[in-house]
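Structure first, commentary second.
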Amino acid sequence: MARIIINGVTIDPLRQSHALASASLVSEDASASNYLLVRTTRIPSVQEKEQLAELGVVIHEYVPESTYLCGYRPADLGAVRALPFVAWADVYLEGFKISPSCRPGGLQSDLAAPTAAVDSQEHAVDVALPDNVDPEVDGVRQRIADAAGVSADDVQLTRNKMRLTLSGDHLGALRCTGAPHTLRSAIPGWRQPCVCSDC
């Protein structure tokens with residue numbers, strides 16, 4: 001089956017299903033997130049998209065391969081997973097938020113597991129948001145500033161991107177801010193040491 005590639009992090013949820021379960025990266029429900037990844041067996045037809053919409057699934061964008069990033073407010077994942085054209089569905093993994101450039105030696109995570117920083121040096125980073133997220137209206141700018149330990153006034157906004165300077169020990173906290181986003185170094189070639197951590 002095809003892989004899911006987000007922010008330079010790659011998983012194959014069907015081939016790696018046992019490893020994901022062993023790493024506690026399979027959600028029983030969607031109560032902890034408003035976003036899903038939905039892998040389909042084919043390009044969904046208009047009727048299939050309507051079925052997803054009836055369940056509360058809002059398709060935001062396609063992510064390689066055969067997968068869609070979706071908004072989802074209900075907690076029940078069972079109805080989405082039971083659709084015959086859905087090969088796999090789960091909440092957006094926190095580990096997708098931090099690019100491999102922010103991981104030890106820049107290595108790619110096999111399972112998109114969460115990471116946290118271990119140094120206290122200051123780093124300039126860009127936080128990229130999906131098109132459907134308004135950082136001001138949705139309170140994302142303030143949540144990211146709070147997680148980074150900086151003032152919201154220190155977070156520079158451009159279209160769907162925020163640039164800020166933060167201490168490396170706040171890096172892991174940025175993955176727990178709600179909306180899907182990606183975190184990349186604002187300085188090409190920068191490598192941030194990271195370790196796994198829970199939210």
List, one per line, each side-chain donor-acceptor pair under 3.5 Å for residues 70-79, sequence neighbours excluded.
residue, atom, partner, partner atom, Å
Y72, OH, D76, O, 2.3
D76, OD1, G78, N, 2.9

Nearest 0.5 Å, what's the CG-CZ distance between L157 and R141? 4.0 Å
Starting at CG of L36, measure out to OG1 of T67 and round the result to the nearest 0.5 Å. 12.0 Å
Does some side-chain heavy atom of V38 sit less than 4.5 Å from a side-chain heavy atom of V86? yes
ILVMFWY network linking V26 to V91, side-chain heavy atoms under 4.5 angstrom: no
Contacts of type side chain to side chain donor-acceptor pair (under 3.5 Å), residue Q156, not counting sequence neighbours: none
Pairs touching residues 83-92 that satisfy salt bridge (Lys or Arg N to Asp or Glu O under 4.0 Å), sequence neighbours left out: R81-D90
Those residues at least two apart in sequence (or on a different chain) that pass side chain to side chain donor-acceptor pair (under 3.5 Å) with S31 are D29
For E61, enumerate each residue passing the side chain to side chain contact (heavy atoms under 4.5 Å, CB included) test, keeping only those at least two apart in sequence or located in another chain. V63, L69, P130
By side chain to side chain donor-acceptor pair (under 3.5 Å), D154 pairs with (sequence neighbours left out) none
Provide the closest heavy-atom pair for A89 versus V80 in the form atom of the first, atom of the second, distance. CB-CG1, 3.9 Å
When rounded to the nearest 0.5 angstrom, what is the spacing between CZ in R39 and CG in L14? 5.5 Å
Return the set of residues passing ring-ring contact (aromatic ring centres under 6.0 Å, His included) with F85 (not counting sequence neighbours), or none when no residue passes. none
Would I6 and L37 count as a side chain to side chain contact (heavy atoms under 4.5 Å, CB included) here? Give the steps. CA-CA 11 Å; I6 299 175; L37 291 171; 3.8 Å; yes
Mind checking who shares a hydrophobic cluster with I5, ILVMFWY linked at side-chain heavy-atom distances under 4.5 Å? none
Nearest 0.5 Å, please: how far is CG in L164 from CG in D153? 13.0 Å
Quick one: list whatever passes side chain to side chain contact (heavy atoms under 4.5 Å, CB included) with S22, sequence neighbours left out. none
Going by heavy atoms in the side chains, are E65 and T10 under 4.5 Å from each other? no
Quick one, V150 with T165, criterion side chain to side chain contact (heavy atoms under 4.5 Å, CB included). Give me CA distance, side-chain angles, the key distance, then yes/no. CA-CA 8 Å; V150 300; T165 301; over 6 Å; no
V58: partners by side chain to side chain contact (heavy atoms under 4.5 Å, CB included), with sequence neighbours left out: H60
Hydrophobic cluster membership, with links at side-chain heavy-atom distances under 4.5 Å among I/L/V/M/F/W/Y: are I43 and I59 in one? yes
Cluster link Y92 to Y62, ILVMFWY, side chain under 4.5 Å: no
Rounded to the nearest 0.5 Å, what's the gap from CD on Q16 to CD1 on I4? Could you check? 9.5 Å
Does a side-chain heavy-atom distance below 4.5 Å link V57 with Y68? no
Rounded to the nearest 0.5 Å, the CD atom of Q142 sits from the OG atom of S151 at a distance of 7.5 Å
Between T41 and A87, which heavy-atom pair has the shortest distance, and what is it? CG2-CB, 3.9 Å
Partners meeting side chain to side chain donor-acceptor pair (under 3.5 Å) with Q47 (sequence neighbours left out): S45
Side chains of L55 and L83: closer than 4.5 Å at any heavy-atom pair? yes
Taken in chain and number order and not counting sequence neighbours, the residues that satisfy side chain to side chain contact (heavy atoms under 4.5 Å, CB included) with S24 are none
